[in-house]
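Here's the structure, in structure tokens; my notes come after.
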Amino acid sequence: MASFKSSLSFILLIALLAASSLVVASAGNFNQDFQITWGDGRAKILNNGELLTLSLDKASGSGFQSKNEYLFGKIDMQLKLVPGNSAGTVTAYYLSSKGSTWDEIDFEFLGNLSGDPYILHTNVFSQGKGNREQQFYLWFDPTADFHTYSILWNPQRIVFSVDGTPIREFKNQESNGVPFPKNQPMRIYSSLWNADDWATRGGLIKTDWSIAPFTASYRNFNANNACVSSNGVSSCSSSSSPNSSSSASTSNAWLSEELDLTRQERLRWVQKNYMIYNYCTDTKRFPQGLPTECKS
């Protein structure tokens, strides 16, 4: 039975990897879509806008943000993470609004000693409240090649995916009193920075600056299926009008997309085999009872 299960897992893994080549459609251009925000030259846009790199040394990290703000979207980015000994470094890739009651959807990649797996840290903030962490190991080496990290954000749910495989779903439970990000436009941000006071084994392992600079790479950004928000007006509004074409309506199908049975099965596979922390099972952290969204 064990060998059968392992064979089945291997077959599923091959299928998932094959599917990853289909994830990214037409890619954006970093010169058009993003601006470097900090790092004093450590962030670079290369290859006529097809590649962006962030670097970190002892003096500073670096970062960038999208020129557009989005209010819902299906957004892909391919990342290749810092190789080798990345202990103490964090590569953050996320959506966020501004203000004291901000919304945020996070991918954070916590570096580790060479040979140890990266930790993929996810979180969802709504109206300034987070504390919704789930953490995962990955089923591949994220430093050896580019992989696609995706966020589906629509009015009903947020789905985090890796190479087309969903790893986490956060559903809209406003009916149960749980705030959900739906009113504040968010930009895309990414940064590479030093967090050796907590990132690797709780801060026990420090950054080895003798091997700096550390570099992470980005390519194939895709936000073709996203609502650009500008001055309170959404680019998706015209598509929902009575006179919209059927093709425009079809292209916005992601606005009501949910996980089908196959993707639900993939989600369970990842959470069973690769999830290493789930706030929804941390009873010590929440002695007065788990958060409301964990109970459904």
Side-chain angles (χ1 to χ4, degrees), residues 66 69-75 92-108 119-136 149-162 165-189 198 223 225-229 231-237 240 252-261 263-272 274-296:
S66 63
E69 289 185 304
Y70 302 92
L71 187 59
F72 305 123
K74 193 173 185 179
I75 296 167
Y93 165 59
Y94 59 103
L95 293 166
S96 183
S97 62
K98 295 292 189 181
S100 59
T101 56
W102 77 100
D103 295 335
E104 188 171 316
I105 304 169
D106 289 343
F107 278 112
E108 288 188 303
I119 292 175
L120 170 50
H121 175 101
T122 66
N123 205 351
V124 176
F125 288 76
S126 49
Q127 298 182 16
K129 178 183 179 297
N131 299 325
R132 299 186 176 104
E133 301 91 345
Q134 290 184 357
Q135 295 183 337
F136 306 83
Y149 302 90
S150 307
I151 294 169
L152 167 65
W153 169 37
N154 66 30
Q156 296 82 36
R157 59 188 37 80
I158 295 164
V159 178
F160 298 78
S161 298
V162 177
T165 297
I167 64 169
R168 177 177 185 178
E169 180 179 30
F170 183 82
K171 294 181 179 179
N172 184 335
Q173 293 197 47
E174 288 180 306
S175 60
N176 293 324
V178 180
F180 185 83
K182 68 170 192 177
N183 298 315
Q184 302 186 70
M186 295 196 266
R187 293 187 193 274
I188 301 165
Y189 297 88
W198 64 269
N225 293 317
C227 303
V228 176
S229 179
N231 299 317
V233 178
S234 170
S235 63
C236 293
S237 300
S240 58
N252 281 349
W254 61 268
L255 270 168
S256 58
E257 182 178 329
E258 56 189 67
L259 297 181
D260 60 20
L261 291 176
R263 298 184 74 209
Q264 288 177 32
E265 190 66 34
R266 290 180 177 180
L267 175 67
R268 285 191 291 268
W269 174 75
V270 171
Q271 295 197 338
K272 178 182 177 182
Y274 295 98
M275 179 184 282
I276 58 173
Y277 177 78
N278 181 5
Y279 78 108
C280 276
T281 61
D282 193 344
T283 53
K284 291 184 179 178
R285 181 179 176 187
F286 301 103
Q288 304 304 316
L290 294 171
T292 302
E293 67 269 19
C294 299
K295 298 170 186 175
S296 62

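The basis for the numbers below is simple: all heavy atoms, side chains too, and nothing from hydrogens, waters or symmetry mates.
At least one side-chain heavy atom of Arg187 sits under 4.5 Å from a side-chain heavy atom of Ser66. You'll find the side chain of Tyr274 reaches within 4.5 Å of the side chain of Trp269, heavy atoms only. With contacts defined as side-chain heavy-atom distances shorter than 4.5 Å, the pair Arg168/Met275 does not qualify. Counting heavy atoms from C-beta on, the side chains of Lys171 and Glu293 never come closer than 4.5 Å. Using a 4.5 Å heavy-atom threshold, the side chains of Val162 and Val270 count as separate. At least one side-chain heavy atom of Asn131 sits less than 4.5 Å from a side-chain heavy atom of Glu133.
Checked by atom type and distance alone, the side chain of Asn278 pairs as donor or acceptor with a backbone atom of Cys280 at under 3.5 Å. At least one donor-acceptor pair under 3.5 Å links the side chain of Gln184 to the backbone N or O of Thr101. The main-chain N or O of Pro181 is found under 3.5 Å from a side-chain atom of Trp153 such that the two form a donor-acceptor pair. Here the side chain of Glu104 pairs no donor or acceptor atom with the backbone of Phe125 at under 3.5 angstrom. Checking side-chain atoms of Arg132 against main-chain N and O of Val124 turns up a donor-acceptor pair under 3.5 Å.
Residues Val159 and Pro166 share a closest heavy-atom pair of CG1-CB, 3.9 Å. Nearest heavy atom pair, residue Phe180 against residue Ile158, reads CZ-CG1, 3.9 Å. The heavy-atom pair separating Ser96 from Trp102 by the smallest distance is OG-CD1, 3.7 Å. Taking all atoms of both residues into account, the shortest heavy-atom contact from Ser234 to Cys227 is OG-CB, 3.4 Å. Contact between Pro185 and Leu71 at its shortest, heavy atoms only, is N-CD1, 3.9 Å.
A salt bridge does not link Arg263 with Glu169: none of the charged nitrogens is closer than 4.0 Å to a carboxylate oxygen.
In this structure Gln156 satisfies the side chain to side chain contact (heavy atoms under 4.5 Å, CB included) test together with Asn154, Ser256, sequence neighbours excluded. Phe286 pairs by the side chain to side chain contact (heavy atoms under 4.5 Å, CB included) definition with Tyr279, Leu290, Pro291, not counting sequence neighbours. In this view, Glu69 satisfies the side-chain hydrogen bond (donor to acceptor under 3.5 Å, both in side chains) rule with no residue, not counting sequence neighbours.
Note that the SG atom of Cys236 and the CG atom of Leu255 stand 5.5 Å from one another [nearest 0.5 Å]. The structure places CD1 of Ile105 at 5.5 Å from CD1 of Ile151, a figure rounded to the nearest 0.5 Å. Rounding to the nearest 0.5 angstrom, the gap separating the CG atom in Leu152 from the CD atom in Glu258 is 10.5 Å. Separating the OH atom in Tyr70 from the CD1 atom in Ile75 is a distance of 6.0 Å, to the nearest 0.5 Å. A distance of 13.0 Å separates CE in Met186 from NZ in Lys98, rounded to the nearest 0.5 Å. Put simply, OG on Ser161 and CD1 on Ile167 are 7.5 Å apart, with the number rounded to the nearest 0.5 Å.
Of the N and O atoms on the side chains of Tyr94 and Asn123, not one donor lies less than 3.5 Å from an acceptor on the other residue.
Around the NZ atom of Lys129, the shell of radius 6.0 Å holds more than 12 heavy atoms that belong to other residues, nucleotides or ligands.
Here the options are Phe136, Tyr277, Phe170, the test is side-chain contact (heavy atoms from CB on, under 4.5 Å), and the partner is Thr122; only Phe136 passes.
A parallel orientation is assigned to the rings of Phe107 and Tyr93, their planes being inclined by less than 30° (bins at 30° and 60°).
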